[in-house]
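One-based numbering, in listed order, for ligands and for the atoms of each.
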Amino acid sequence: METVNKIQPEPKLIVILGDQLSKDIAALRAADQKRDIVLFAEVMAEARYVPHHQKKIAFVLSAMRHFAEELKSLGWSVRYVRLDDPENTNSLAGEIARAQNELKIARAFVTEPGEFRLSQAFTNCAGLAVLPDDRFLVSHQEFRDWAEGRKQLRMEYFYREIRRKTGLLMSGNEPEGGRWNYDSDNRKPANPDLFMPQPMQFKPDQTTRDVLQLVEDNFGENFGSLHPFWFAVTRNDAKMALEHFVNVALPQFGDYQDAMLSNEPFLYHSVLAQYLNTGLLSPMEICRRVERAYYEGNAPLNAAEGFIRQIIGWREFVRGIYWLRMPGYTQENYFNAKRPLPTFYWTGETDMACMAAAIAQTRDEAYAHHIQRLMVTGNFALLAGIDPAEVHEWYLAVYADAYEWVEAPNVIGMSQFADGGLLGSKPYAASGNYINKMSDYCATCRYDVKGKTGENACPFNPLYWDFLQRNSDNLRDNPRLGNVYRTWDRMSEAKQSEYLESAKKVLESIN
Ligand code: FAD
Ligand code: DLZ
Ligand code: SF4
């Protein structure tokens, strides 16, 4: 009988990061289950590069441990390094090198990290190959091609192309219902006696309880309440959370998308971003499920279209901007804003009822919905001229769904206009009137939302005019701000000074 000398390929190290918890992630697809070793590493460098909310750390570590167990049960060989392992080098690059050394494996594969700082760190790792992250609908190259030669990058046109590409809510070549965007139907204020669904909550199992103890021991001083901890930490539970959202909240998602209510942190929002951003759910499965709810008559078009637009439009668009503009994007500062972040962003101790509510729920839930992030905490920082790099760090730390690729464009671009209008056509600056229209916060506030100046006036009011006046050179020619500047110009000099004087007092008091 003839013997054949088969050359066995060398085993590979397959690195899975804390936000890559998907069975079909590129690095796992490139792996040979019989031979290769999958590496997970809990490391201080990731837990500390910003002072993350305690719930965010617990969520990521528990989801990592559950996913590693799942892979083991499917027959994978897993090397799992815990945070308290005495040999832990405490950086991902360090753990990759240690595993290569100890296991005598030269070649390692990782799916490209979501954050630029980590992709830079990986360029120095010997033998490490980086594979594209194809969990997104648009590759870096496709986005660059789309952006090439455009003076302004606007989400709406990008979104239409993705609608066509995916066929989501398309009727042939036309958008379902004849319009691409139903946002104008989605601006209703909510009423406290409406039925309020809650996101699905999960009881911590032993693995999560161990992680909660670890977080308490190591990060107990970090911002945020660790308990009660109710996030899903497995794909199965995240799928149940999706199903629950579609059944109980999606039908009203559109109508009340921009509304805010005291004591209702979630309203009709999905609270799925933390699952999506760690890979427990995929963008297309969420969108297909929502589309089905529409076609089965269980959700109106304004809800389904509005929701799908956030995921295939905004989410993909901001990722494209991030990779187009990094490095450097997180340091952009169009208005040259220099004020330090006020301490009350961490304590919630402020008389402004809207800010206190948004910050308290951020502390309790590691969550605030989009309009709170944009029009309350973001708007205040913009009007007050807070250094955008400090605002960016705060947002990256405090939300369970925060990763720089999605957070930075939303903060630096959308909220702080620090990129000078690359992402948005005008700053999201608003006086108290907007918050009053969309929420019930002002009714219990110690400030008077109708007051224009003086001690009792809503601070957003004088700050709004101060912001416009201060940044007049940069904004006056913006066609979308023509009317507001005309209103300012028509004011008497005495009125203008009153606003500026009042704003000065507010700014002195926040320092
Ligand atoms: P829903 O309101 O139910 O929306 C559905 C999904 O759409 C979200 O889960 C999310 O995946 C996606 N989505 C909605 N809006 C956006 C957007 N503008 N950009 C990208 N995706 C979007 N989102 C993050 O995922 N991580 C962040 O760190 C983050 N930081 C933000 C900071 C600021 C200043 C602002 C204004 C927005 C930020 N967003 C961020 C976008 C948005 O606020 C959150 O995605 C949303 O609040 C998450 O809650 P949800 O899952 O209930 O979302
Ligand atoms: C957010 C986070 C935290 C807190 N801890 C870890 C960790 O210990 N190990 C890990 O692999 N990933 C962690 N992550 C997620 C990473 O920060 C994330 O993969 C990068 O920011 C790239 O997006
Ligand atoms: Fe916020 Fe002004 Fe309303 Fe108070 S009055 S809740 S500060 S908008």
Out of curiosity, is M44 lining ligand 2, as in a heavy atom under 4.0 Å away? no
In terms of its nearest heavy atom to atom 13 (N) of ligand 1, the top option of Q310, R373, H370 is Q310
With a cut-off of 2.8 Å, does C458 put an N/O/S atom close enough to atom 2 (Fe) of ligand 3? yes
Report yes or no: does a heavy atom of W405 sit under 4.0 Å from some atom of ligand 2? no
Does the N or O separation between A273 and ligand 1 drop below 3.5 Å for any pair? yes
Based purely on interatomic distance, does E46 place a nitrogen or oxygen under 3.5 Å from a nitrogen or oxygen of ligand 2? yes
Has ligand 1 got any nitrogen or oxygen that is less than 3.5 angstrom from a nitrogen or oxygen of N410? yes
Quick check: H369 and ligand 1, any N/O pair under 3.5 Å apart? no
Please work out whether the ring planes of Y367 and F266 are parallel, tilted or perpendicular, with thresholds of 30° and 60°. tilted
With respect to S415, determine whether any N or O atom, backbone or side chain, lies less than 3.5 Å from an N or O atom of ligand 1. no
Pick from C354, A357, G451: the one approaching atom 6 (S) of ligand 3 most closely through a non-hydrogen atom: C354
Do you know which of W346, Y399, Y395 makes ring-ring contact (aromatic ring centres under 6.0 Å, His included) with F223? W346
Does the N or O separation between F253 and ligand 1 drop below 3.5 Å for any pair? no
Looking only at heavy atoms, which two atoms of V398 and H53 are closest? And how far apart? O-CD2, 3.5 Å
